[in-house]
Amino acid sequence: MTQDQVRTALFLGILALLSLIPAGVALRRARAFGDWDLTSTLILLVGGLASLPTVVYVMHTGRPQRLDPLGEVEIGFPQWVNRIGAVSNALLLVACAVFVLHRLFGERARVNTAPLIALALALLLAFSDGLHGEQLFAPRQLVLIAVLLAAAVARPGRSALLGGAAVVLLFTVLSGAEAIIQPATVLRECRTDNPCGVLGILYPGVFTNENIFSLLLVAGIPFVWLGLRGRVRFLLACYVAFVAVATGSKLGAVSAVVVLAFLVLLRPALPDEAGASDPVASPGRVLFALPVLGAAATIGLLVPFHHPGADTLGDRATIWDMAREELRQSPLIGFGGKTWSGKYQAGEIPAAVSPSLHNQWIDTLYAGGLVGLLLFLLLLVHLLARGGVPGLPVTASVLLPVLLTSVLERPWSFGISNALTFALLVATITPVRVSRAGPVVSGERQRSLVGSRGAV
């Protein structure tokens with residue numbers, strides 16, 4: 001690690017600590033408006049506990065490279081980390097069960113449709129696993145199912161986005177604090193096949209690699225923009241986008257810039273605030289948003305089937321071709337959520353591509369077949385259509401990061417819970433209209449509350 005890289009890591013650490021000032025202002029305003037509720041807490045728990053083993057491992061041991069007897073890089077964690085994961089899974093299962101019971105019997109919650117569609121896809125992958133000789137319900141599969149059941153009875157509203165924003169800011173601050181304490185822990189070595197980013201570093205923060213961190217950050221930019229109130233949300237959204245660029249992930253950097261520009265141009269607002277989308281103002285925004293989403297989705301769907309080859313896309317092109325050939329054996333229901341990663345243990349694929357097929361569309365097709373792909377499309381269409389024209393700017397803002405990163409990554413896992421599960425949870429309960437049962441804070445009341453606490 002060079003001195004320039006150390007200084008850059010320290011700069012990111014100081015920036016993270018400074019971000020606590022606008023974050024504190026935003027959270028104080030959220031408290032004044034009563035935005036934080038049990039749904040926010042659930043999302044924070046899902047985001048925090050799902051990543052807890054990775055964060056503890058990185059912060060405790062640094063970033064040691066573990067090799068197997070053949071000298072190959074070994075994936076996975078030591079047993080003590082896996083035990084932390086088992087405890088985290090158990091806590092999440094209990095938290096989801098308590099949340100569901102409280103919402104059903106304590107508050108008589110309405111059922112949300114979108115999480116049920118995602119749940120159907122998760123169950124399809126689980127049963128396909130069983131049909132292809134894999135474990136039917138692994139612990140992290142059960143956690144994902146429990147989380148989606150909880151989302152089905154969660155309260156749609158700003159609180160969901162606020163919880164997602166809290167997860168993103170939590171990990172930026174943790175990564176920044178670790179960068180100050182131990183810079184070497186939050187950086188990865190640059191290589192010929194994985195060069196440094198625009199800041200001259202690879203910055204995975206408290207995660208195992210920069211791609212995971214950047215996906216979390218890019219998915220969280222709209223959560224920060226929509227979940228927080230006041231001008232600080234623009235400042236914090238820019239900060240999160242900057243950290244995504246700083247990770248060194250090329251896909252993350254490009255996606256972060258595009259998402260931030262999209263938000264600035266579209267100016268989405270929730271129904272409970274002044275200046276929110278309305279039937280009069282929305283058609284022009286729809287004409288802007290839909291082609292952008294359509295282009296991102298079309299590129300993501302076509303790339304695995306019509307790509308320039310391994311010379312340009314490396315291992316991705318190879319594994320996409322392999323997956324397409326195998327799909328002929330189970331075109332309807334695919335092979336389940338665990339079959340692809342199991343190929344690494346069999347020595348058929350390298351470790352770097354074992355977590356997924358690095359494209360949401362073919363990954364869903366491989367794991368769930370044509371039925372799974374149709375369920376995924378149904379989920380996207382339902383999310384876009386449920387709020388009508390007025391709600392589309394908000395939903396489009398939440399979905400754009402998913403569709404952009406889906407071209408070369410798999411941001412949403414329907415096979416197991418992971419670091420991005422909280423983002424799936426937020427997307428399925430993103431608010432698109434004001435509940436008739438809930439009060440709406442008027443613009444005058446908002447200005448009164450904000451004015452009493454400063455206009456930042």
Side-chain angles (χ1 to χ4, degrees), residues 117-118 120-122 124-125 128-129 131-132 193 211 214-215 218-219 249-252 254-255 258-259 290-344 346 348-384 396 399-416 420 424 427:
I117 300 174
L121 180 51
L124 170 66
L125 266 59
S128 185
D129 276 328
L131 291 175
H132 290 89
D193 61 334
N211 291 329
S214 68
L215 285 174
V218 172
S249 166
K250 295 182 179 62
L251 178 64
V254 172
S255 298
V258 173
V259 169
L290 284 182
V292 175
L293 293 180
T298 301
I299 293 172
L301 179 60
L302 293 180
V303 161
F305 299 93
H306 303 281
H307 56 75
D311 292 340
T312 302
L313 294 172
D315 287 341
R316 283 180 172 84
T318 302
I319 62 175
W320 291 342
D321 292 342
M322 181 189 305
R324 289 205 320 268
E325 290 296 322
E326 293 182 8
L327 268 171
R328 299 174 182 176
Q329 303 171 26
S330 184
L332 288 180
I333 61 170
F335 299 95
K338 306 184 193 70
T339 299
W340 180 259
S341 58
K343 289 181 177 295
Y344 166 71
E348 298 179 41
I349 56 175
V353 296
S354 62
S356 74
L357 277 157
H358 288 73
N359 174 281
Q360 182 76 59
W361 300 92
I362 196 168
D363 190 273
T364 304
L365 183 61
Y366 184 87
L370 291 173
V371 176
L373 186 61
L374 288 175
L375 284 172
F376 179 63
L377 284 169
L378 177 62
L379 175 62
L380 295 178
V381 171
H382 175 74
L383 290 174
L384 285 170
L399 289 182
L400 181 62
V402 179
L403 295 176
L404 285 175
T405 55
S406 290
V407 177
L408 296 175
E409 293 290 347
R410 184 209 57 190
W412 286 352
S413 169
F414 295 97
I416 58 172
L420 272 295
L424 172 62

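What you see below is based on every heavy atom in this structure, not just the backbone, and it leaves out hydrogens, waters and symmetry mates. We number each residue from 1, following the sequence as shown.
Side chain of Ser255 to backbone of Gly252: no donor-acceptor contact under 3.5 angstrom is found. Under a 3.5 Å cut-off, the side chain of Asn359 and the backbone N or O of Val407 do form a donor-acceptor pair. At least one donor-acceptor pair under 3.5 Å links the side chain of His358 to the backbone N or O of Ser356. At distances below 3.5 Å, not a single donor-acceptor pair connects side-chain atoms of Trp361 with backbone N or O atoms of Leu373. The backbone N or O of Ile333 lies less than 3.5 Å from a partner atom in the side chain of Ser128, making a donor-acceptor pair. Put simply, the side chain of Gln360 gets close to the backbone of Trp412: a donor and an acceptor are under 3.5 Å apart. A donor-acceptor distance shorter than 3.5 angstrom exists from the side chain of Ser214 to the backbone of Asn211, with no hydrogens or angles considered.
The two residues Leu379 and Ala118 come nearest to each other via the heavy atoms CD2-CB, 4.2 Å. Looking at every heavy atom in both residues, Ala296 comes nearest to Leu404 through CB-CD2, 4.1 Å. Leu293 and Ala396 make their closest contact through CD1-CB, 3.5 Å (heavy atoms, listed as atom of the first residue, atom of the second, distance). Of all heavy-atom pairs spanning Pro304 and Ile362, the tightest one is CB-CD1, 3.8 Å. Here the closest heavy-atom approach between residue Leu357 and residue Ala323 is recorded as CD2-CB, 3.8 Å. Between Leu383 and Leu399 the shortest heavy-atom distance is CD1-CD2, 3.9 Å.
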